[in-house]
Number of protein chains: 2
Amino acid sequence: MDKNTDNIEKQNKEQLILTAAEHEFLTKGYDGARTTSIAKTAGVTHAMLHYYFRTKEQLFERIVDSKFSLMAQSMLTAFGNPNQSIVERIRGGIGLHFDFVAQNPQMPLFVINEIISRPERYDILYNRVQSVIDSIYANLQRDIDLAAERGEMERIDARMLFISIMSLNIFTFVAYPFMEPLMGDFMANRKVFLEARRAENIETIMRRIKAQQ
Amino acid sequence: MDKNTDNIEKQNKEQLILTAAEHEFLTKGYDGARTTSIAKTAGVTHAMLHYYFRTKEQLFERIVDSKFSLMAQSMLTAFGNPNQSIVERIRGGIGLHFDFVAQNPQMPLFVINEIISRPERYDILYNRVQSVIDSIYANLQRDIDLAAERGEMERIDARMLFISIMSLNIFTFVAYPFMEPLMGDFMANRKVFLEARRAENIETIMRRIKAQQ
DNA sequence: CTTTGTATTAACAATTTTGTTAAACATTGT
DNA sequence: ACAATGTTTAACAAAATTGTTAATACAAAG
């Protein structure tokens, strides 16, 4: 009668499936993923997978939910920093965001693909983060305007800035497999390249917002 | 005995399938695409589809080939301009590239997804464009270095510059469905937003390469 | 030690999807 | 007219994939 009878074991099985599913969905997308393949990777029969998660759909939602909130969080927390100057907060935010994407390089493409193929499903999700985004944007824009008036930086629309930062940071990883074979030695050492790219992105944005004299 | 008996009709059928297939593959990817759906959209029986293209795979390759060469071409021609100064060539190239992506907004994601899911297949394709890229890069880098020595612009690695431009231009469209609902009125008018974004991308890169005094 | 709910397996069912085939149909050159 | 070749249809076959079920094992509680 105890639901948690064998909690360790159960968590193991369920967790094994979730881990395998995460990898399968992130690398192959919903359509390319196979429940049999997930079960095989997890080392369970595919009936077990259906026992725990009923349908492929439900298993997928579990993965999507965790990845989405992580993604949204990363983009927002990077710029909510404490009592630094706005310019330094932006500089630090770019780096933080870059590092997050570097540690979850498949996530952006996964999220983008998923939203494109089933946009209607994410209305609820959007509503949940909308207010947070609005307030972050308002604060950021206010600080930018204030700093601009003091001549510390260029006046710029915070949303444009946001898009530019995400573009530079995310595209690096999204297009990595596409560019790597074309760039010869330039991207051969991934770590070296990513460090240079990180610095380049920061430099690009810093110059964009630097006050013109 | 004439293979081209009813050439108009045949081209119509074959072309109808190709057009429908292009749309299906670009919007749903290989795994999400259904040959029955393609046939239905094209207004032919699904046996017809197999008659003309034998397999889903072969039909897909027809689409991929055309899209890939277009994509590669766009990235390369944008910067091969005539006798302008290098700075003006770059400025113009960003705009040209942006406009190309604007007219083919689904292509980058399609190409990236395809390369990620079957990288091994594109070795031949890469070899074909490798030499062109190498020569474009060499010329661009040489012109940049010369201009930098004359103090007309900042010295910068041409490949880094290339990646930044592609990031800014492509990400705008790749992430459009993701950002649009989050940005409120900002992206409501697509045309207005894209024009502003185009200008912003040019401005960002121009500031990046502007000579520091 | 029986009951009860959960975990597990193996076999199977249902559906979807791709691909084939044989026969009917059409067109054109001779 | 008719042979030859390409086109089209409808029905079918094969495979893959998701999902179900019935039987059984197991662990814990009473």
Side-chain angles (χ1 to χ4, degrees), chain A residues 1-65 113-114 117-118 121, chain B residues 1-65 113-114 117-118 121:
Chain A
M1 283 128 179
D2 183 357
K3 219 168 190 174
N4 290 338
T5 299
D6 212 352
N7 214 349
I8 311 128
E9 268 301 310
K10 193 207 159 186
Q11 282 207 351
N12 272 349
K13 293 271 178 185
E14 203 171 334
Q15 195 52 53
L16 281 172
I17 295 170
L18 279 171
T19 305
E22 177 174 324
H23 182 254
E24 179 90 359
F25 283 129
L26 278 167
T27 53
K28 303 186 186 168
Y30 181 83
D31 291 319
R34 295 290 111 105
T35 56
T36 49
S37 167
I38 293 170
K40 200 175 161 192
T41 307
V44 303
T45 67
H46 90 281
M48 281 305 306
L49 184 147
H50 287 287
Y51 172 72
Y52 278 114
F53 299 97
R54 198 72 184 175
T55 65
K56 179 184 181 182
E57 193 69 27
Q58 277 181 47
L59 177 56
F60 183 65
E61 269 166 30
R62 285 283 290 270
I63 306 299
V64 163
D65 279 358
N113 278 326
E114 176 53 19
S117 58
R118 326 191 183 190
R121 180 191 284 165
Chain B
M1 284 126 182
D2 183 355
K3 222 170 191 173
N4 291 339
T5 300
D6 212 351
N7 215 350
I8 310 126
E9 268 305 309
K10 193 207 160 186
Q11 282 206 350
N12 272 350
K13 293 271 179 186
E14 202 170 337
Q15 194 53 50
L16 280 172
I17 295 170
L18 279 172
T19 304
E22 177 175 323
H23 182 253
E24 178 91 358
F25 283 129
L26 277 165
T27 53
K28 303 187 187 168
Y30 180 83
D31 291 319
R34 296 289 110 102
T35 56
T36 50
S37 167
I38 293 169
K40 200 174 160 192
T41 305
V44 302
T45 66
H46 91 280
M48 282 303 306
L49 184 146
H50 287 287
Y51 171 72
Y52 277 114
F53 299 98
R54 197 74 184 174
T55 66
K56 179 183 181 182
E57 193 68 28
Q58 278 182 45
L59 177 55
F60 184 65
E61 271 166 29
R62 283 283 290 271
I63 306 298
V64 163
D65 280 358
N113 278 326
E114 175 54 19
S117 57
R118 328 190 182 190
R121 179 190 285 167

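Chain letters run A, B, ... following the sequence lines, proteins first, then strands; residues in each count from 1.
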Taking the side chain as C-beta and beyond, is there a heavy-atom pair between A:Val64 and A:Tyr30 under 4.5 Å? no
Is a side-chain donor or acceptor of A:Glu24 paired with a backbone partner of A:Thr35 at a separation under 3.5 angstrom? no
Select one nucleotide: of C:dT18, C:dT9, D:dT18, the one nearest the side-chain heavy atoms of A:Thr45. C:dT9
Base, sugar-phosphate, or nothing: which does A:Ala39 touch, judged by heavy atoms less than 4.0 Å apart? nothing
Whole-Å distance, B:Glu57 CD to C:dG19 P, equals 8 Å
Quick check against the 3.5 Å criterion: does A:Lys56 have a side-chain atom that pairs as donor or acceptor with the backbone of A:Ala33? yes
N/O (side chain, A:Thr35) to phosphate O (OP1/OP2, D:dT18) under 4.0 Å: yes
Could you check which of D:dT9, C:dT9, C:dG19 has an atom nearest any side-chain atom of B:Met48? D:dT9
Nucleotide nearest A:His46 (side chain, heavy atoms from C-beta), chosen from D:dG19, D:dT17, D:dT8: D:dG19
Mind calculating the distance between NZ (A:Lys28) and P (D:dT17) to the nearest angstrom? 10 Å
Separation of D:dA16 atom C1' from A:Asp31 atom CG, nearest Å, is 15 Å
For residues A:Ala20 and A:Ile38, report the shortest heavy-atom separation together with the two atoms involved. CB-O, 3.5 Å
Expressed as a whole number of angstroms, how long is the span from A:Asn12:CG to C:dT8:P? 10 Å
Taking atom P of C:dT18 as reference, at what distance in whole Å does atom CG of B:Leu59 sit? 11 Å
Within the distance-only criterion (no hydrogens, no angle test), does the side chain of A:Lys13 pair as donor or acceptor with the backbone N or O of A:Ala42 below 3.5 angstrom? no
When B:Thr36 and A:Val44 are each assigned the nearest nucleotide of DNA chain C, the 5'-most assignment goes to A:Val44
A:Arg54 vs B:Tyr51, nearer the 5' end of DNA chain D by closest nucleotide: B:Tyr51
Taking atom P of D:dT17 as reference, at what distance in whole Å does atom NZ of A:Lys40 sit? 12 Å
OP1, OP2 of D:dG6 versus side-chain N and O of B:Tyr52: anything below 4.0 Å? no
Side-chain atoms of B:Lys13 come closest, of C:dT17, D:dT8, D:dT21, to D:dT8
A:His50 atom NE2 is separated from C:dA10 atom C1', nearest whole Å, by 14 Å
Whole Å only: how far is the CD1 atom of B:Ile17 from the P atom of D:dT7? 11 Å
